[in-house]
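Reviewing the structure listed below.
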Amino acid sequence: MSSNPVAETVASLMPRAKEELTELVAFRSVADFDQFPKSESEGAARWVADALTAEGFQDVALLDTPDGTQSVYGYLPGPAGAKTVLLYAHYDVQPPLDEAAWTTPPFELTERDGRWYGRGAADCKGGLIMHLLALRALKANGGIPVGVKVIAEGSEEMGTGGLERYAEAHPELLAADTIVIGDAGNFRAGLPTVTSTLRGMTLVRVRIDTLAGNLHSGQFGGAAPDALAALIRVLDSLRAEDGSTTVEGLSGGAAWEGLEYGEEQFRQDAKVLDGVELIGAGTVADRIWARPAVTVIGIDCPPVVGATPSVQASARALVSLRVPPGVDAGEATKLLQVHLEAHTPWGARVNTEQIGEGQAFRADTGSPAYQAMAAAMAVAYPGQEMQYAGQGGSIPLCNTLAALYPRAEILLIGLSEPEAQIHAVNESVSPDELERLSVTEALFLRNYAAS
């Protein structure tokens with residue numbers, strides 16, 4: 001990175017950043033309180049609140065949101081007449097999955113091969129540290145030229161909408177001229193990228209019942225309707241032969257216009273096993289950024305260990321559907337539910353229930369804020385030009401903020417480049433990316449204030 005005072009300050013703060021990220025990662029802040037203690041999330045929220053208070057933020061508050069979690073808010077006034085920028089991240093994380101499969105403990109930040117490993121290191125506790133680094137660098141180099149609001153969400157990964165509902169009930173709280181969502185990532189490490197679109201999502205639980213109770217498969221198998229077999233048929237109906245998503249009534253032919261994603265690069269990033277084909281049709285970018293994608297993310301059925309020779313009376317699954325920009329998530333949910341019910345065989349009883357939803361998002365990339373970000377990235381990533389990419393994941397708050405503040409510009413940056421392996425075992429963050437993006441954000445705030 002070329003030498004400049006902001007970059008030098010961020011570099012000097014990196015040891016402190018690692019210590020703080022270590023403290024924050026140690027909280028098992030999964031917002032599923034049936035699996036993880038609520039006290040862990042509350043501890044992480046207090047950590048964020050204390051950090052904001054230490055930086056001089058005013059009105060720091062733990063907001064009790066309608067889904068039973070807490071979001072953390074703080075406001076740092078800027079110079080008279082200055083613009084206001086809202087910085088977003090979330091402190092809740094995905095469950096660690098199989099903790100024994102991690103090379104090092106998921107809630108202990110561990111340095112290995114030039115990366116820092118731990119659940120939430122990139123998604124999105126590292127995003128909070130990025131915001132703090134950027135603000136500290138500006139304070140050490142002439143001051144922060146804008147008013148800053150910070151909001152740290154406590155249930156983003158669960159998709160339960162607590163912060164969205166809170167913001168709708170208190171529309172003045174998060175009002176800003178520009179919003180920086182620190183929950184995206186570069187297309188690849190070292191290539192500065194803003195995310196211009198997000199797919200929306202819906203989560204639907206489907207349950208199938210066929211019998212009053214399980215039956216002996218030797219005595220009744222062959223005639224008794226097997227609920228698990230029925231569920232398997234229903235789930236298989238959601239994909240065409242090539243693996244494309246096929247929800248009846250939901251269009252799947254959109255094309256992505258922008259940065260392309262080579263198939264071999266995708267295979268490496270996704271760690272696809274040799275000989276295994278990719279699924280779907282069109283370019284990779286079409287498939288992951290512009291088209292719907294269904295995933296069965298959980299099935300309730302007997303495990304192999306301890307299984308008995310029984311015909312199953314009931315079975316259920318949790319189905320995730322990613323929804324591309326231009327498609328209403330609520331309408332997609334209805335189509336998915338109708339599809340599941342229509343493809344249930346043998347007259348089996350079927351029940352579908354939506355348990356989460358978020359709308360897709362498309363940014364206005366021609367705004368002054370994007371010009372300020374492009375200039376900042378050119379300094380933080382010498383010789384590189386800012387790229388525009390989509391993201392297959394969802395950040396439901398984006399659409400809420402866009403609806404509440406239609407004049408606000410919204411930018412998405414962050415630490416979740418492919419090597420970070422967010423949501424998977426051995427999630428990690430690149431300290432180089434953390435450093436460069438912290439410089440980027442600091443310079444962006446300075447550029448934006450002058451625009």
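Arg287 places a side-chain N or O within donor-acceptor distance of the main-chain N or O of Ile279, the cut-off being under 3.5 Å. In this structure, the side chain of His339 does not engage the main chain of Leu335 through any donor-acceptor pair within 3.5 Å. Of the possible donor and acceptor atoms, one in the side chain of Ser29 sits under 3.5 Å from a partner among the backbone N and O of Tyr91. Using modelled atom types, no side-chain atom of Lys149 and backbone atom of Ala176 make a donor-acceptor pair closer than 3.5 Å.
Partner of Leu412 under the side-chain contact (heavy atoms from CB on, under 4.5 Å) criterion, out of Ile179, Ile181, Asp183: Ile181 alone.
Aromatic rings from Phe187 and Tyr261 are positioned such that their centres are separated by under 6.0 Å. In this structure, Tyr166 has its ring center under 6.0 Å from that of His170.
Annotation: side chain to side chain donor-acceptor pair (under 3.5 Å) contacts involving residues 217-233, sequence neighbours excluded, are absent.
No side-chain heavy atom of Phe33 sits less than 4.5 Å from a side-chain heavy atom of Ser39. The side-chain heavy atoms of Leu238 and Leu340, taken from C-beta on, include a pair separated by under 4.5 Å. Between Leu397 and Tyr88, the closest side-chain pair of non-hydrogen atoms falls below 4.5 Å. Side chains of Glu353 and Arg207 form no contact here, defined as non-hydrogen atoms less than 4.5 Å apart. Counting heavy atoms from C-beta on, the side chains of Thr22 and Trp116 never come closer than 4.5 Å.
Crowding of Arg349 atom CZ: a count of heavy atoms from other residues, nucleotides or ligands under 6.0 Å not exceeding 12.
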